[in-house]
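Contents: one structure, followed by commentary.
Labels below follow one simple rule: chain letters A, B, ... track the order of the sequence lines, proteins then strands, and each chain is numbered from 1. Since we're looking at a predicted model, the values are computed, not measured.
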Number of protein chains: 6
Amino acid sequence: MSRIDGRTPDQLRSVTIQRGWSKHAEGSVLVSFGDTRVLCTASFSEGVPRWRRGSGEGWVTGEYAMLPRATHSRGERESVRGRIGGRTHEISRLVGRSLRAVVDLKVLGENTVMLDCDVLQADGGTRTAAITGAYVALADAIAWAGRKKLVRHSGKALTGSVAAVSVGIVKGVPLLDLCYEEDVRAETDMNVVCTGDGRFVEVQGTAEGQPFARDELSALLDLAVSGCDQLAVLQMEALER
Amino acid sequence: MSRIDGRTPDQLRSVTIQRGWSKHAEGSVLVSFGDTRVLCTASFSEGVPRWRRGSGEGWVTGEYAMLPRATHSRGERESVRGRIGGRTHEISRLVGRSLRAVVDLKVLGENTVMLDCDVLQADGGTRTAAITGAYVALADAIAWAGRKKLVRHSGKALTGSVAAVSVGIVKGVPLLDLCYEEDVRAETDMNVVCTGDGRFVEVQGTAEGQPFARDELSALLDLAVSGCDQLAVLQMEALER
Amino acid sequence: MSRIDGRTPDQLRSVTIQRGWSKHAEGSVLVSFGDTRVLCTASFSEGVPRWRRGSGEGWVTGEYAMLPRATHSRGERESVRGRIGGRTHEISRLVGRSLRAVVDLKVLGENTVMLDCDVLQADGGTRTAAITGAYVALADAIAWAGRKKLVRHSGKALTGSVAAVSVGIVKGVPLLDLCYEEDVRAETDMNVVCTGDGRFVEVQGTAEGQPFARDELSALLDLAVSGCDQLAVLQMEALER
Amino acid sequence: MSRIDGRTPDQLRSVTIQRGWSKHAEGSVLVSFGDTRVLCTASFSEGVPRWRRGSGEGWVTGEYAMLPRATHSRGERESVRGRIGGRTHEISRLVGRSLRAVVDLKVLGENTVMLDCDVLQADGGTRTAAITGAYVALADAIAWAGRKKLVRHSGKALTGSVAAVSVGIVKGVPLLDLCYEEDVRAETDMNVVCTGDGRFVEVQGTAEGQPFARDELSALLDLAVSGCDQLAVLQMEALER
Amino acid sequence: MSRIDGRTPDQLRSVTIQRGWSKHAEGSVLVSFGDTRVLCTASFSEGVPRWRRGSGEGWVTGEYAMLPRATHSRGERESVRGRIGGRTHEISRLVGRSLRAVVDLKVLGENTVMLDCDVLQADGGTRTAAITGAYVALADAIAWAGRKKLVRHSGKALTGSVAAVSVGIVKGVPLLDLCYEEDVRAETDMNVVCTGDGRFVEVQGTAEGQPFARDELSALLDLAVSGCDQLAVLQMEALER
Amino acid sequence: MSRIDGRTPDQLRSVTIQRGWSKHAEGSVLVSFGDTRVLCTASFSEGVPRWRRGSGEGWVTGEYAMLPRATHSRGERESVRGRIGGRTHEISRLVGRSLRAVVDLKVLGENTVMLDCDVLQADGGTRTAAITGAYVALADAIAWAGRKKLVRHSGKALTGSVAAVSVGIVKGVPLLDLCYEEDVRAETDMNVVCTGDGRFVEVQGTAEGQPFARDELSALLDLAVSGCDQLAVLQMEALER
């Protein structure tokens with residue numbers, strides 16, 4: 001039984017990772033997971049936020065946002081409304097935590113990398129595409145800082161790679177990398193962030209309809225780990241180009 | 001090897017659930033998990049938000065907040081700052097989703113229950129105490145609405161109970177229901193929301209330091225399920241008093 | 001002729017002052033005037049706001065707020081609305097001014113005490129309960145600072161005590177310490193803040209319906225002074241426990 | 001012993017009330033108390049705020065603000081800061097309450113009068129000048145509405161007049177109508193709002209330094225009543241011109 | 001004497017207009033003027049803002065924004081700051097006015113088109129690229145509405161085309177379509193919006209350094225008109241593809 | 001053919017420039033263009049904004065606002081709404097840029113002049129009256145700073161004078177200095193800011209209805225230059241009084 005777009009349950013959408021998309025940023029990636037398209041820029045700056053000064057350690061953080069017409073119907077701009085919504089806050093924090101999991105902040109030194117993930121087009125899995133793309137932008141920004149002698153042992157600043165994927169149960173079947181149509185039908189929805197060596201950085205599972213059982217959770221985790229494995233390979237290939 | 005406060009790794013803190021704490025609310029509970037104290041009030045109101053009108057279904061949502069001096073050092077009020085922080089947003093959404101998981105919104109009819117969870121004193125696990133207490137306040141509010149003939153089959157509005165607990169790995173040992181001192185030292189921190197029959201509503205695991213392996217995740221889930229089981233019993237006892 | 005709750009016109013409600021309610025704050029009091037319950041915490045911190053630096057004097061200020069369901073029907077959170085209402089602003093300023101009236105800011109030195117007064121349950125007289133409770137929390141915080149050697153002559157930092165009570169005219173009769181039901185019916189409503197030696201710190205009288213005459217004002221002031229006298233005794237007893 | 005500006009203790013500053021200052025407003029007054037200059041406009045509009053619809057009664061409310069350079073040193077605009085300060089809120093509410101005290105809202109019918117009081121130049125007593133001027137603007141707006149047949153018995157919409165004055169104790173001497181220089185030196189500061197027949201609408205006394213005794217309060221009230229009497233005459237003369 | 005990037009003074013940068021860039025929007029264009037890249041989406045919706053209901057006429061408006069790292073150094077997000085800056089406001093209004101100049105709002109009927117112009121990469125002339133691209137997106141959205149029978153005589157909804165270009169004087173030489181490097185050095189900076197038939201919709205000239213003389217103004221207008229002519233051709237070609 | 005108010009097409013309204021209107025400000029002007037009345041205050045302060053410190057240069061900036069009832073129907077206060085509107089932003093920026101065009105910021109030294117332009121009554125042309133009046137207030141503030149020895153060569157701080165006027169095409173006829181009635185009927189509306197020697201600082205033309213042709217633009221510029229010439233004379237006369 002095939003999926004809406006013809007994939008098998010354990011198949012990722014077509015994933016592309018285009019580096020150097022932006023002329024100004026120290027690292028920049030246009031990542032797509034199917035029709036989901038996210039522009040990830042990494043901005044390297046010397047210095048750290050006030051609360052971290054003098055610690056000798058750096059800081060990596062993220063901000064996630066959607067263009068108003070990235071979605072099927074237009075959403076009001078958060079700048080116009082004057083406040084950031086809960087979902088935006090939540091994902092921005094997730095992006096920052098996920099990336100910090102693979103950075104040695106001591107090696108980074110008192111420097112900051114801001115990862116801006118702006119969704120240009122949304123079709124499900126925007127946060128997982130954002131994290132996956134942001135890792136590549138981060139790697140480029142750190143390499144840039146190494147070349148500029150701003151980070152001494154820049155080759156050791158990253159302790160591994162990180163990628164993310166969504167999984168969910170639709171009509172009883174565990175599926176990898178949900179598109180929007182699948183996502184709205186999922187009974188359970190999970191976002192998993194893994195390091196390149198297959199360990200977990202974040203596991204966020206939510207029962208949208210019925211609560212889920214332990215074996216369903218296990219099946220989803222299996223799918224997610226295999227998806228992240230594939231994404232780690234794609235990230236490595238992109239960075240080698 | 002015992003914990004900071006003398007507990008065994010799989011032991012909850014002393015939990016109390018005091019119903020009817022507030023004179024005005026349709027349901028109100030002062031819940032404590034050790035020194036963490038949360039006032040949960042359930043406000044029942046006829047009608048639903050605009051986007052839900054005419055659906056025949058009700059709505060259950062939550063708002064979480066901390067008093068400024070609930071914590072060790074005073075935090076600025078979000079009302080004074082003029083915006084709600086990311087953490088507050090995130091937990092408020094979690095409370096709402098968790099409670100909705102056990103409500104039959106059709107039976108509730110076009111009525112709304114708002115669950116306000118205000119942390120009076122914080123010592124770790126405030127979101128899990130909030131969810132656990134809010135369930136009891138919600139049950140009281142629905143029973144009240146049944147008595148007032150505002151909900152017809154109020155006995156069927158709740159499809160089960162829901163409780164939450166935190167688990168984490170401290171110095172390599174999986175622990176149940178972390179207090180603040182343990183929480184800040186945890187390498188991995190997980191919040192788990194379960195129904196009374198042991199299924200999962202939410203699983204949120206975060207690697208604070210090192211990424212975590214599949215077997216660590218399993219050990220944490222085991223602990224969490226057993227903790228939620230105990231909380232479900234305490235909730236039931238409180239509701240029978 | 002007796003009142004709604006059986007009191008005589010010049011009788012306070014049952015008043016309780018429970019010290020040490022919170023584990024973190026330097027001073028904390030749960031005060032109740034009948035069903036009105038306010039949690040007052042005093043947070044002592046070294047240093048003063050920027051505009052006061054180098055003056056050698058300290059600062060004492062207050063913030064007042066209500067939990068959303070402290071009242072009969074739920075009020076929207078000011079943090080969610082994104083702005084503080086006029087009433088909240090007004091009472092916060094009143095709390096700060098009232099407490100400063102009995103503090104020798106030179107003796108306090110360049111330290112700040114923030115008094116947070118959060119209404120957990122409202123039944124009239126929340127601002128007067130807040131001031132009355134905040135004084136006790138402040139006294140505890142200053143004593144704490146004395147023990148910690150943060151304030152040298154801490155015994156002289158307070159020049160007296162301060163308490164507050166509401167009075168009003170209901171159906172032509174001047175009444176002391178109005179509960180909510182009386183408050184909404186009052187033609188004239190007055191809040192009076194007095195020092196322990198019977199002098200005035202604040203007098204705020206408002207004609208809700210008809211303007212009031214000089215002799216009515218006098219009768220209300222008499223009642224208020226006697227109410228504050230009784231509260232001063234209760235404060236002293238609480239501090240001696 | 002004379003005052004800074006040569007007045008006797010019980011003497012008002014030179015007061016002028018200039019009607020019809022603005023071409024657009026239904027009532028408009030430029031009022032000055034010495035160098036304090038406030039532009040008061042009364043905007044009459046049909047209809048009432050949502051919460052009052054169907055009541056058959058009208059609404060009268062006020063907004064007070066200061067131009068940024070009305071004061072000795074420039075203050076930041078509240079519109080630029082994005083929020084209204086506590087003092088502004090407090091005075092706006094006072095203006096509204098004071099004016100409503102002399103309006104028969106049933107006679108007004110479902111119409112609204114907004115009183116905008118903008119301080120063009122400040123030299124103490126801005127809120128009392130605002131109230132005194134706003135009354136005259138309100139009277140003009142109601143007369144306008146009567147001529148336009150928007151209020152039926154417009155002659156009965158006002159039940160009396162209202163005026164306000166500040167009083168205070170400076171170096172032990174009770175003084176009427178403080179200018180800024182006196183105001184900053186006052187030990188006690190009181191604003192009193194009276195009807196034309198000498199009754200009280202608002203009494204707001206604050207001990208700036210030492211708490212004040214009952215006889216001091218009495219002396220201040222005497223001064224304030226005599227000041228309001230004089231202002232009532234000036235209001236009447238202005239309305240007869 | 002050639003320019004920084006080798007162009008002649010009256011030469012546009014390389015301009016590309018890529019239609020159908022976004023899957024969801026009724027019209028969408030990725031426009032580039034050299035390295036300046038703006039994503040313009042046109043969102044068609046039935047109905048008009050409240051103040052326009054019942055008029056029988058439609059509404060066309062715009063919102064302009066920059067991604068945080070569109071520029072050389074990262075700018076703070078306006079959503080995070082909680083308010084829109086003056087420059088953003090100004091350009092958003094300009095976009096809306098410019099497009100409305102070529103729309104027959106009666107033919108559009110009570111429908112709204114929102115033009116979102118998000119700058120993905122900035123290198124001078126972002127507002128002129130935004131207007132030029134937005135026109136093409138608008139044309140596509142109106143054609144879509146015609147096919148969907150939402151606008152009856154959709155072929156007559158546009159009364160002409162509109163495009164915009166910047167001009168400026170750098171070291172005394174009038175230049176067309178300034179890139180960022182030129183823009184910061186310009187003594188006079190002008191943005192001109194023209195219809196396809198060469199008339200003016202907006203002329204905004206600003207002396208950055210020295211005030212400019214009438215003949216300089218004339219030379220700039222000449223350049224701008226020729227630039228807009230060329231852009232009108234490119235727009236037409238894009239719409240014919 | 002005469003205009004609504006009897007003027008010829010090239011005639012200014014009656015213009016008055018009243019200096020020293022405010023007791024506190026270093027420069028203050030009440031300017032009127034017919035019934036448009038703007039209070040312009042210049043606040044001189046030592047020091048410059050953070051981003052300009054150490055540059056040796058000063059800063060001149062402006063803020064424009066309208067009193068709520070300056071207009072025919074009352075507008076909501078921007079302070080109450082919590083944000084500044086686009087129009088206000090736009091005009092504030094225009095005022096600042098226009099005045100800076102005639103200031104030698106090096107001569108000013110590290111000092112700031114803030115020009116507050118508050119519209120007390122609006123009848124068209126408020127921004128042009130604001131700029132024209134603000135120049136005179138600025139000149140007074142700089143002279144004040146010279147007398148106080150805060151600016152060394154204060155006589156050289158102004159490189160010229162600046163004034164502004166609106167022009168527009170109504171029923172095909174180019175008119176100078178539009179009043180409100182004319183402004184709402186104008187097909188094209190232009191604001192022009194000129195130096196006293198007849199050069200341009202700002203030219204902002206907008207087609208309200210039909211786009212305008214080059215010869216119409218020329219006719220409007222001619223009118224505007226002649227209007228600014230007359231205003232420059234009036235400014236000089238005011239400064240000589």
For residues C:Gln121 and B:Lys23, report the shortest heavy-atom separation together with the two atoms involved.
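So the two residues come closest at OE1-N, 2.5 Å.
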Considering all heavy atoms of both residues, which atom of C:Cys117 and which atom of B:Arg77 are nearest to each other, and what is their separation?
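In this case the closest contact between C:Cys117 and B:Arg77 is N-NH2, 4.2 Å.
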Qualifying residue, where the test is side chain to side chain contact (heavy atoms under 4.5 Å, CB included) with B:Val80 and the options are C:Glu63, C:Arg83, C:Glu78:
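Looking at C:Glu63, C:Arg83, C:Glu78, the match for B:Val80 under the side chain to side chain contact (heavy atoms under 4.5 Å, CB included) is C:Glu63.
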Quick check on the interface: out of B:Thr41, B:Asp116, B:Ile84, who has the most heavy-atom pairs with chain C under 4.5 Å?
B:Asp116
Of the listed residues (B:Leu39, B:Thr88, B:Leu120), which shares the most heavy-atom pairs with chain C below a 4.5 Å separation?
B:Leu120
Any side-chain heavy atom of C:Asp118 sitting closer than 4.5 Å to one from B:Asp118?
no
Any B:Arg74 side-chain heavy atom under 4.5 Å of C:Phe44 side chain:
no
Which bit of C:Ser43 is near chain B, if near means a heavy-atom gap under 4.5 Å: side chain, backbone, both or neither?
both
Between C:Glu26 and B:Arg69 (salt bridge meaning N to carboxylate O under 4.0 Å), is one present in this structure?
yes
Looking at C:Arg87, I want to see if its CZ is surrounded by more than 12 non-hydrogen atoms of other residues, nucleotides or ligands under 6.0 Å.
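Enclosed: over 12 neighbouring heavy atoms sit under 6.0 Å from CZ of C:Arg87.
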Heavy-atom donor-acceptor pair, B:His24 side chain to C:Ala122 backbone, under 3.5 Å
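Side chain of B:His24 to backbone of C:Ala122, a donor-acceptor pair under 3.5 Å: yes, one is there.
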Side chain, backbone, both or neither of B:Thr71 within contact of chain C (heavy atoms, under 4.5 Å):
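When you check distances to chain C, only backbone atoms of B:Thr71 fall under 4.5 Å.
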Residue part contacting chain C, namely of B:Arg81, when any heavy atom lies under 4.5 Å
neither
